[in-house]
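Take a look at the structure below.
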Amino acid sequence: MNGRTQKISKEETCPQKNRTVSEGYVGGQTFLWITENNLTDTNQLGDGLLEMIVSPSNLNRAYQQVKRNKGSGGVDKMEVESLQDYLVIHKDELITSILQGNYRPNPVRRVLIPKDNGHRKLGIPTVVDRCIQQAIAQVLSPMYEPQFSDNSYGFRPRRNAHGALRKCQAYITEGYKYAVDLDLEKFFDTVNHSKLIETLSRTVKDGRVVSLIHKYLNAGVQVGSKIRTSEVGVPQGGPLSPILSNIMLNEMDKELESREHKFVRYADDLLILCRSKRSAERTMSSMIHFIEDKLFLKVNREKSQSAHIRKVKFLGYSFYKSKGEGRLRIHRKSVAKMKAKIKELTSRSNGWGNSRRKEVLRQYITGWGNYFKLADMKNRLLRIDEWYRRRIRMVIWKQWKRIRTRVKNLIKLGVKKSKAWEWANTRKSYWHTANSFILKTTITTENLRKAGYVMLSDQYRKVSIKT
DNA sequence: TCTCCTACCAC
RNA sequence: UUUGUGGUAGGAGA
């Protein structure tokens, strides 16, 4: 199964490794291996932002990123494998049409993916558009990073969910026991274009860049063979979308900061910490007002609440306070999800082979345990482990039961008793060794306790890294 | 120490 | 069945 991937990586890494052979005649641009065939036009680098975006080094980095992600194609069905060939041929006309302002992005391909409730709408741009969007994002990111809030953690370099959770924990320790949990309804679909463009042009002074981004917002979606225009929303699926969402919601962050609220935001998930129930309620209604009237976004009132910190769910965790300190625990929905997944992996994965099943389980458990390692849960860890062991035993028992009924049927049909039981025992020992192997080696206390130890060492690391 | 690749997890 | 960030494990190399 990994023969294919090895082959691909060999084929694709070789030209990159060998790129230095051309160093002699292409001078300073050698590291841009897309352009090494035709780089007569590299001295168009000005100080304009658009020129920075279409500069060979930036476009090259963007291309590399798009290729690395190995996403599927957009409406033109071009895949990332053929992207390089396309770019070396059409790079010049692409760049000039972008610079002249007559580049028209393709509409995005509509893909629906199942979510917990309902489905999520994705808009997948063509691979070429993903490159250009990535190039824009790469230039915008360093411009915006300094002005983004310290309390915003989603979609940002060197920031993660764990940082957001640590911050919540710190606020709770400081005595903020009530929280406003605001859920922005279908955030990506409801972004108001003119508000976003207005916010954008406050920082992005190059009007051509703003207009290019505007074109991406207006590119529309293709459903079947029809192209539908998009007056609101930013397509969920483009490299530009995450930073645009942060640019939009940075306005909200600034408002919260000017009101001196304690808050933590992860993408469109917002938690405002308050000292009292009354102030939480007041904050919630005034922030809903602000978000809907000033930012023209919609707040999902059913999912939003102001409540004691024990009741809120944030990034898969929930909170409580013990001995004056804020603590984290795994929200029960996350535990339920994990159980469902393990159930699926242990029972419905027939025909996968045992080593494969063991490997998949190990990967899932380590990933899961690693994400939820911030939770205070020695007891919880052991409970999960116990549950898992019972689950495996049950699977073994069920299989044995199935074998026994089958043996009885065979005897009824006239098969010799000894022959039937001999067969049964070989089946039994097969299943038993298969499953007890998993029981012993995959998860168990060792693996889960390891997650607990990692948590402790991580606290040390966290202190030193996190300034 | 660093670079690159794969796989998985969370949001 | 997509994008982004971060994390974990494994592999190849100097």
Side-chain angles (χ1 to χ4, degrees), chain A residues 1-14 16-17 62 64-75 79-80 108-116 119-127 129-131 133-134 137-138 140-141 145 148 152-165 187-188 216 221 234-246 264-270 313-317 330-331 333-334 337-338 341 345 356 359-375 447 450-451 454-455 457-458 461-462 465-466:
Chain A
M1 63 189 155
N2 49 6
R4 189 178 48 122
T5 50
Q6 273 177 359
K7 194 178 154 212
I8 287 172
S9 70
K10 253 181 200 159
E11 277 173 6
E12 308 229 336
T13 49
C14 272
Q16 284 177 52
K17 279 188 172 176
Q64 302 269 14
Q65 186 60 44
V66 171
K67 190 184 73 164
R68 245 203 299 280
N69 290 335
K70 286 204 279 291
S72 70
V75 286
E79 302 289 331
V80 281
V108 293
R109 183 164 61 94
R110 172 62 82 234
V111 168
L112 299 175
I113 58 166
K115 234 180 103 185
D116 309 343
H119 50 78
R120 197 157 76 108
K121 280 188 280 185
L122 290 183
I124 303 167
T126 64
V127 282
D129 283 328
R130 287 218 292 275
C131 273
Q133 285 195 33
Q134 178 70 28
Q138 280 167 6
L140 289 191
S141 179
E145 272 305 312
F148 282 158
S152 151
Y153 288 86
F155 303 130
R156 292 186 58 188
R158 294 174 302 280
R159 290 179 156 251
N160 57 25
H162 287 166
L165 289 159
F187 167 73
F188 279 100
Y216 272 109
V221 290
V234 0
Q236 214 170 153
L240 203 51
S241 311
I243 192 164
L244 288 183
S245 81
N246 270 341
V264 175
R265 183 170 70 79
Y266 192 96
D268 57 350
D269 215 344
L270 174 68
K313 173 179 184 283
F314 189 61
L315 305 180
Y317 283 79
I330 306 174
H331 194 267
K333 274 190 185 166
S334 309
K337 211 172 153 189
M338 184 270 302
K341 180 84 174 182
L345 292 179
R356 169 89 174 129
E359 180 58 19
V360 169
L361 265 167
R362 197 190 60 81
Q363 281 172 350
Y364 177 74
I365 294 290
T366 42
W368 191 90
N370 188 48
Y371 180 73
F372 287 107
K373 71 188 174 187
L374 296 189
N447 236 330
K450 208 172 91 190
V454 171
M455 179 180 77
S457 67
D458 183 68
R461 261 218 321 260
K462 211 85 195 178
I465 290 171
K466 224 189 157 288

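Here is how names work: the chains are called A, B, and so on, in the same order as the sequence lines, proteins then strands, and each is numbered from 1.
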**OP:** Identify the residue among A:Leu112, A:Val111, A:Ile113 that makes a side chain to side chain contact (heavy atoms under 4.5 Å, CB included) with A:Lys121.
**Re:**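 For A:Lys121, the side chain to side chain contact (heavy atoms under 4.5 Å, CB included) test succeeds with only one of A:Leu112, A:Val111, A:Ile113, which is A:Leu112.
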Subject >> Residue that, paired with A:Ser241, satisfies side chain to side chain contact (heavy atoms under 4.5 Å, CB included) out of A:Leu122, A:Val234, A:Asn246 >> reply: A:Val234
Could you state the atom-to-atom distance from [atom1] of [X] to [atom2] of [N] in whole Å?
{"X": "A:Phe187", "N": "B:dC11", "atom1": "CZ", "atom2": "C1'", "value": "15 Å"}
{"X": "A:Lys337", "N": "B:dC8", "atom1": "NZ", "atom2": "P", "value": "16 Å"}
{"X": "A:Phe372", "N": "C:U8", "atom1": "CZ", "atom2": "P", "value": "16 Å"}
{"X": "A:Leu374", "N": "C:G7", "atom1": "CG", "atom2": "P", "value": "13 Å"}
{"X": "A:Leu165", "N": "C:G6", "atom1": "CG", "atom2": "C1'", "value": "12 Å"}
{"X": "A:Lys333", "N": "B:dC11", "atom1": "NZ", "atom2": "C1'", "value": "15 Å"}
{"X": "A:Arg159", "N": "B:dA10", "atom1": "CZ", "atom2": "P", "value": "23 Å"}
{"X": "A:His162", "N": "C:G6", "atom1": "NE2", "atom2": "C1'", "value": "9 Å"}

**OP:** Would you please name every residue forming a side-chain hydrogen bond (donor to acceptor under 3.5 Å, both in side chains) with A:Gln236, sequence neighbours left out?
**Re:** A:Arg120
Original post:
Mind checking what makes side-chain hydrogen bond (donor to acceptor under 3.5 Å, both in side chains) contact with A:Thr126, not counting sequence neighbours?
Top reply: A:Asp129
**OP:** Give me the ring orientation class for A:Phe188 and A:Phe155: parallel if the planes are under 30° apart, tilted from 30 to 60°, perpendicular past 60°.
**Re:** perpendicular
Original post:
How are the rings of A:Phe372 and A:Tyr317 set relative to one another: parallel (under 30°), tilted (30 to 60°) or perpendicular (over 60°)?
Top reply: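 Ring orientation, 0 to 90° scale: tilted.
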Original post:
Using Watson-Crick and G-U wobble pairs whose two distances are both under 3.5 Å, how do you write the pairing of RNA chain C as dot-bracket, with | for links to another strand?
Top reply: ...|||||||||||
Original post:
Residues two or more places apart in sequence or in another chain: which of them pass salt bridge (charged side-chain N to carboxylate O under 4.0 Å, His left out) with A:Glu145?
Top reply: A:Arg156
**OP:** Only counting residues at least two apart or in another chain, list the ones meeting salt bridge (charged side-chain N to carboxylate O under 4.0 Å, His left out) with A:Arg130.
**Re:**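 A:Arg130: no salt bridge (charged side-chain N to carboxylate O under 4.0 Å, His left out) contacts found.
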Quick one: which protein N/O atoms are closer than 3.5 Å to N/O atoms of nucleotides 2-4 of chain C? Pair and distance per line, please.
residue, atom, partner, partner atom, Å
C:U2, O2', A:Gly237, O, 3.3
C:U3, OP1, A:Gly71, N, 3.1
C:U3, O4', A:Gly237, O, 2.7
C:U3, O2', A:Gly238, O, 2.9
C:U3, O2', A:Pro239, N, 3.3
C:G4, OP1, A:Asn69, ND2, 2.5
C:G4, OP1, A:Gln134, OE1, 3.4
C:G4, OP2, A:Asn69, OD1, 3.4
C:G4, OP2, A:Asn69, ND2, 2.2

Original post:
Got A:Ser72 and A:Arg109 here, is their nearest side-chain heavy-atom distance under 4.5 Å?
Top reply: yes
